[in-house]
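Residue numbers run from 1 in the order of the sequence given.
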Amino acid sequence: ILDAVFHPLLLQSAFDQEAWRYEMDGPDQALRYSGVIYNEMRGRATSPADVLLDRVVRELFVGNTYHHSHGGRPESITSLTLDHVRGFHQRFYQPSNAMIYFSGRDDPAARLRSLAAVLDPLPAGNANAVVEVHPPFPEPRRARGRYATSAAAEPLPMISVGWALP
């Protein structure tokens, strides 16, 4: 697994399949976006519960990395390039930014030897990807939002209450 984390292939063909690409159903059809991540995030964008969760997270984690949708917003995914992915990987996927956990009943010394075999040849890096703790809000906050529904669906009112705890 560590090899896939620290030495992924990051090929254009994998990016096209997983992230996004243009597709046409036939020669007379319009181009459309497709891709595993693009389609998953598009599905989340039409799920009222997911839209609500994204909004709550954006309101609670203002100014840090958790403010952003974990898979991206469909309208932003299509501006992503393979070079962006490679740059992100190079910046953040390095030993200095890794948290590695072990579980199970085996020899801890053997685990550490296996880990050293993968990590020792790599430059330690300096990702400095610390997630800052958001200061407490001075007062309760309220946010309202809307979500898309199909024309046949009756709108479903939803409420969420969240706390940002230290």
Side-chain angles (χ1 to χ4, degrees), residues 1-2 4-12 14-23 30-103 119 122 124-166:
I1 292 176
L2 289 176
V5 170
F6 291 111
H7 302 288
L9 295 178
L10 298 177
L11 301 173
Q12 185 67 50
F15 177 86
D16 292 344
Q17 178 180 330
E18 297 297 323
W20 75 274
R21 64 187 176 277
Y22 291 111
E23 280 189 352
L31 282 174
R32 63 179 169 80
Y33 296 119
S34 190
V36 174
I37 295 170
Y38 176 80
N39 290 333
E40 286 176 4
M41 294 302 102
R42 209 173 92 203
R44 286 194 76 232
T46 60
S47 161
D50 286 333
V51 170
L52 178 63
L53 176 61
D54 276 351
R55 181 60 184 267
V56 169
V57 168
R58 279 197 322 267
E59 295 295 331
L60 289 177
F61 296 104
V62 177
N64 76 29
T65 192
Y66 298 119
H67 174 86
H68 304 284
S69 173
H70 67 277
R73 292 190 169 73
E75 63 273 11
S76 300
I77 290 171
T78 56
S79 65
L80 186 65
T81 67
L82 180 56
D83 285 339
H84 287 121
V85 173
R86 287 176 174 156
F88 184 89
H89 182 272
Q90 183 176 5
R91 180 173 175 198
F92 292 108
Y93 284 68
Q94 48 188 273
S96 66
N97 200 36
M99 291 186 178
I100 300 172
Y101 298 87
F102 292 109
S103 176
L119 297 183
L122 299 173
N126 58 352
N128 194 22
V130 174
V131 178
E132 299 294 329
V133 176
H134 189 280
F137 295 113
E139 58 189 35
R141 297 168 42 115
R142 289 177 180 246
R144 298 182 82 157
R146 295 186 174 271
Y147 59 91
T149 62
S150 68
E154 189 170 327
L156 173 67
M158 295 188 302
I159 296 174
S160 179
V161 178
W163 287 265
L165 301 173

What side-chain donor-acceptor pairs closer than 3.5 Å can you find for residues 60-78, not counting sequence neighbours?
residue, atom, partner, partner atom, Å
Asn64, OD1, Tyr66, N, 2.8
Asn64, ND2, Glu132, O, 3.3
His67, ND1, Arg58, O, 3.1

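Legend: residues meeting side-chain contact (heavy atoms from CB on, under 4.5 Å) with His89, ordered by chain and number and at least two apart, are Pro8, Leu10, Tyr93.
What you find for Arg42 and Tyr33 is that their closest heavy atoms are NH1-O, 4.5 Å. Listed here is the closest heavy atom pair of Ala45 and Val51: O-CG2, 3.3 Å. For Ala143 against Arg55, the heavy-atom pair with the smallest separation is CB-NH2, 3.4 Å. Smallest separation of non-hydrogen atoms from Leu11 and Arg86: CA-NH2, 4.5 Å. Residues Phe15 and Leu80 share a closest heavy-atom pair of CZ-O, 3.4 Å.
Classification of Arg44 and Asp50 as a salt-bridged pair holds, one side-chain N sitting under 4.0 Å from a carboxylate O.
Atom CZ of Arg91 has 12 or fewer neighbouring heavy atoms from other residues, nucleotides or ligands inside a 6.0 Å radius. The environment of CD in Glu18 is crowded: more than 12 heavy-atom neighbours from other residues, nucleotides or ligands sit within 6.0 Å.
Note: Tyr38 OH to Arg32 CZ = 10.0 Å, rounded to the nearest 0.5 Å.
Looking only at side-chain heavy atoms (C-beta outward), Leu119 and Ile100 come within less than 4.5 Å of each other.
Panel note: side chain Asp16, backbone Arg21; no donor-acceptor pair is recorded below 3.5 Å.
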